[in-house]
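Worksheet: one structure, shown below.
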Amino acid sequence: MSADLSGFLLDVLYVGTKFVVTSMQTHRLKIIQATYKQRQHDTLVELYGRTDTGQSITVLYEGFYPYCYMEAVPGALEVVRRNGAVAPKVLWDRLEDVELVHDQKTIKCHKITVMHPSVVKKIRDQFNTVNVLLSSGINLDRLPQFFSADIKFGIRFMYDLDLGSCIEVMGKPYEEEHPYTTELVILADIVAPAEDFQVNFSILSYDIEASMSTKTMLCNCFWIRRSDGTEVEYRLIGTEKEMLKEFQKIIIEEDPDVITGYNIDGFDNPYLNDRHEANYLPRLKIGRNGTAWRSRDVKNSKMWFVTGRIIADAMYMARKFSNPRRETLQYVSQLLLDESKLDVNASLIDEEWAKSRQDVLDYCSKDAYLALRIIDKLKVLDYYSNLAAVGMVPLTTVYSGATSPLIDSHLVREFEKAGFAVPVGGKPDPDYKKIQGATVVDPEPGVHNWVVVVDYKALYPTTIMVHNMCPTTLDMENGTIVSPVGARFLPPEIRKGLVPIVIERLQDMRNEYKAKMWVEDPDNPGEKIKSPMHGFYKGLQNAVKVISNAMYGILTATFYRFFKKIIGASITAYARAALDRIIQWIRKMNLPLVAGDTDSCFVRSPWPNLNGCITLGKMLSNQFTADGYELEFEKVLNPWFTHGAKKRYFAHVVWDDGKILLDNPDVYSRGYEIRRTDSFDYCLDSLEELLEAVCTEGAETAVSLAKERVKLIYEGSVSAEQIAYSKRCKPEAEYKKPESQIQVRMARMLKEMGHRFTPWMKVSFIYTDGDKSPKQAYPFIDGEKFPHTPDWDYYAVRMAEVLGRVTDVFGCDAGALLQYAKGQTSLDSYGVIA
DNA sequence: TAATGGTAGGGGAGGAAACTTTGGACATAG
DNA sequence: TATTGCTATGTCCAAAGATTCCTCCCCTAC
């Protein structure tokens with residue numbers, strides 16, 4: 001490997017009579033994790049990441065201290081001073097008096113700087129604990145409020161140095177003895193923000209086969225793709241102890257940023273951990289600071305963490321990014337990669353192992369390989385990388401899946417810069433009454449031709465900006481902007497809200513990224529072509545959208561630090577009013593409004609042709625693009641169908657944002673079983689064909705298709721695979737009555753049958769007796785023959801209900817469909833259905 | 001190192017409550 | 001005239017069935 005000499009500065013120091021030459025280096029890196037180590041008298045900031053040159057790096061920074069703000073209640077500081085457990089850890093010489101604005105009032109505060117992050121919590125806690133407070137012997141008028149007192153220290157560091165997810169550091173190699181295992185370990189003098197760049201993370205994907213009878217490990221196969229793109233495969237066999245030790249050693253040597261595998265959170269990780277215990281080995285030590293991994297209970301199941309790396313379960317990623325109907329590795333790799341697992345019966349693994357070790361090793365290795373490919377295919381790392389860049393947080397923060405830290409990252413910085421207090425997050429209120437949300441228009445059932453769709457662009461963010469809504473402008477006395485629910489906000493001339501400022505900045509950012517996706521075509525001046533960085537900027541602009549859209553939700557979350565119920569209620573009230581303006585106008589003009597939801601209206605055009613629709617769409621758009629709101633003319637649908645339920649539509653798109661698709665229309669479908677993952681394939685395939693027929697063939701053909709389908713399933717002429725239901729199963733403790741839930745009963749059965757099941761997985765099953773209560777069913781296993789007889793009667797009824805909702809519009813209800821299937825002419829034999 | 005975006009809505013399943021039908025015991029009329 | 005055997009009918013009451021209503025749950029739209 002050749003060093004990049006341009007990044008070196010020679011720093012010559014004169015020490016006594018000798019010249020000592022030290023090398024100052026600069027590095028650019030993307031932060032994977034920002035954390036810290038508490039030392040005796042200070043805290044060391046630790047940033048783990050990967051550089052633009054592909055090296056793993058630990059950046060250390062000394063001299064940055066934790067702090068928080070405490071309201072200056074008389075005597076409060078004395079309480080801290082007298083607490084022997086806390087006072088020695090406070091840097092009293094750094095104590096500052098500051099004024100912070102909170103709820104339109106100026107509050108006198110102490111800025112308390114301490115040695116360790118844990119001290120901040122202790123200071124807060126002593127005011128919560130009556131005994132500690134009493135023992136201080138001080139009577140307080142009231143308890144002081146705390147501000148900026150729950151920000152993680154690594155994040156605090158990034159806020160204060162205004163860092164994003166990519167940074168530039170200047171420093172020297174860390175010479176002290178240290179536990180860090182990255183290629184580079186730098187003690188930084190300067191840490192500065194850097195423009196975002198793409199990083200090639202290294203990734204390890206592993207899979208373990210375990211004996212069913214002895215519970216010991218048979219083999220561990222894994223693949224590593226290094227930062228330079230090369231891939232290596234390892235296959236560990238031998239004694240369990242050797243395999244465990246070897247795995248740890250290779251992880252440290254190869255130093256992957258990301259560790260993955262299929263269902264590792266549910267199986268491989270806890271299993272590995274158990275085997276370490278069984279072999280009297282310490283926990284797997286794979287942290288980049290030499291520490292062991294650890295697990296945390298999240299919603300009744302475990303998640304695994306390791307310092308400096310990300311443990312990303314490929315199953316979780318597949319679930320999150322592609323919402324597959326089933327979640328077995330076999331199904332997902334078929335769906336996403338068009339590849340299969342190798343043919344080894346996992347529930348008979350001991351026999352297979354005895355028969356042919358080579359086959360089991362190949363099988364195991366392929367599983368690890370598939371997990372790696374799934375992560376690639378879904379572009380998981382790109383997505384998180386972008387989200388981290390826009391959210392200005394380390395990669396681990398976005399990986400955790402929470403969106404509030406991304407919003408926090410922008411708002412807290414903004415609040416602190418402007419001198420506003422940053423409250424600590426609250427606890428959920430069990431008595432909380434939901435605020436009123438959006439309007440949904442009752443749709444007009446039937447087939448409609450030439451329907452124009454208009455919707456407000458970014459309705460909630462726009463609403464926040466237009467009405468200057470923010471905790472910093474909410475002023476019930478002086479506010480002149482009065483929301484429909486009575487909240488009063490200061491106008492921007494008096495004080496521009498910080499939330500609107502952040503939203504505006506995000507929008508500008510998005511426009512900038514969008515612009516960078518395209519460049520002038522050198523061959524065709526005036527024409528735009530994709531820029532070489534098209535994909536990169538596309539990802540970034542999408543990340544901005546994700547964060548913008550989350551803003552309303554976060555501000556309306558009770559636990560969020562900037563939560564104000566009346567602001568949330570005002571946002572939705574203004575939004576309802578905006579939609580209502582269009583609805584009223586459309587009704588006044590006597591135009592048929594066929595549907596509408598939150599920010600959109602579906603209007604049937606009085607002119608039954610594309611040009612007429614375009615005229616109407618543009619007219620609506622012009623009419624209602626005003627006062628900061630932008631109504632977009634989105635689509636023309638022809639035809640458009642609904643059976644009359646909200647949020648359930650099916651249509652053909654013949655015009656989409658300027659593109660004419662008359663000859664080859666896109667399908668537009670919302671809510672129907674077609675889009676649902678908890679229905680069975682035959683049902684949703686049939687429904688899709690039925691809706692297609694409704695749109696293209698007319699009612700008669702559609703009805704006979706529905707009748708035929710119900711008949712076929714009633715006769716049992718459908719494969720087991722096509723009638724398998726699939727439902728997510730949570731940990732049993734999450735249910736009020738676990739055994740009443742079919743998915744719980746199926747999960748129990750799966751386990752009894754010797755299959756791996758971990759909570760939060762989807763389970764597949766087929767009903768065998770729908771008359772019993774609770775209904776009887778058996779698990780369906782991918783690729784295996786279903787050994788029971790399905791209750792075709794039950795399936796016929798289900799199909800009839802689903803298809804009947806559609807055909808009912810044309811006078812043929814579920815009962816009639818069933819009647820045809822059963823070849824009966826009278827209703828009485830199954831009167832319940834009618 | 002206890003972490004957490006929201007509300008609106010459709011639709012299936014299970015189960016309790018309210019309601020209806022059924023069937024046995026008994027009485028009475030013929 | 002009184003009693004018995006038998007059937008038809010009515011009433012009461014509990015069990016069984018069918019409905020309705022509510023809640024839980026999953027998943028989706030926005």
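Below, read A as the first sequence line, B as the second, and so on, with proteins coming before strands; counting in each chain starts at 1.
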(request) State whether A/Tyr668 and A/Arg670 meet the cation-pi test: NZ (Lys) or CZ (Arg) under 6.0 Å from the six-membered ring centroid, and within 45° of the perpendicular axis. (result)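 That pair qualifies as a cation-pi contact.
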Would one find a side-chain N or O of [X] under 4.0 angstrom from OP1 or OP2 of [N]?
X: A/Thr403; N: B/dG5; value: yes
X: A/Arg798; N: B/dG12; value: yes
X: A/Ser404; N: B/dG5; value: yes
X: A/Arg675; N: C/dA29; value: yes
X: A/Tyr672; N: B/dG10; value: no
X: A/Lys736; N: C/dC24; value: yes
X: A/Arg670; N: B/dG9; value: no
X: A/Thr677; N: C/dT28; value: yes

Can you tell me if [X] and [Y] form a side-chain donor-acceptor pair at under 3.5 Å?
X: A/Asp599; Y: A/Tyr460; answer: no
X: A/Gln776; Y: A/Thr768; answer: yes
X: A/Thr677; Y: A/Lys762; answer: yes

Under 4.0 angstrom, heavy atoms only, what part of the nucleic acid is [X] near: base, sugar-phosphate, or nothing?
X: A/Lys433; result: nothing
X: A/Lys647; result: base
X: A/Arg561; result: nothing
X: A/Gly426; result: base
X: A/Thr439; result: nothing
X: A/Glu673; result: nothing
X: A/Arg745; result: sugar-phosphate
X: A/Ile435; result: sugar-phosphate

(message) If I pick the C1' atom on B/dA29 and the same atom on C/dT3, what distance separates them, to the nearest angstrom?
(response)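 It comes out at 16 Å once rounded to the nearest Å.
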(request) Please determine if A/Arg325 and A/Asp681 form a salt bridge, counting it only when a charged side-chain N lies under 4.0 Å from a carboxylate O. (result)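 A salt bridge links A/Arg325 with A/Asp681.
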(request) Rounded to the nearest angstrom, tell me the gap between atom OH in A/Tyr432 and atom P in B/dT7. (result)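 It works out to 5 Å between those atoms.
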(request) Could you say whether A/Lys152 or A/Ile742 is positioned toward the 5' end of DNA chain B, judged by the nucleotide with the nearest heavy atom to each? (result)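 Nearer the 5' end of the strand: A/Lys152.
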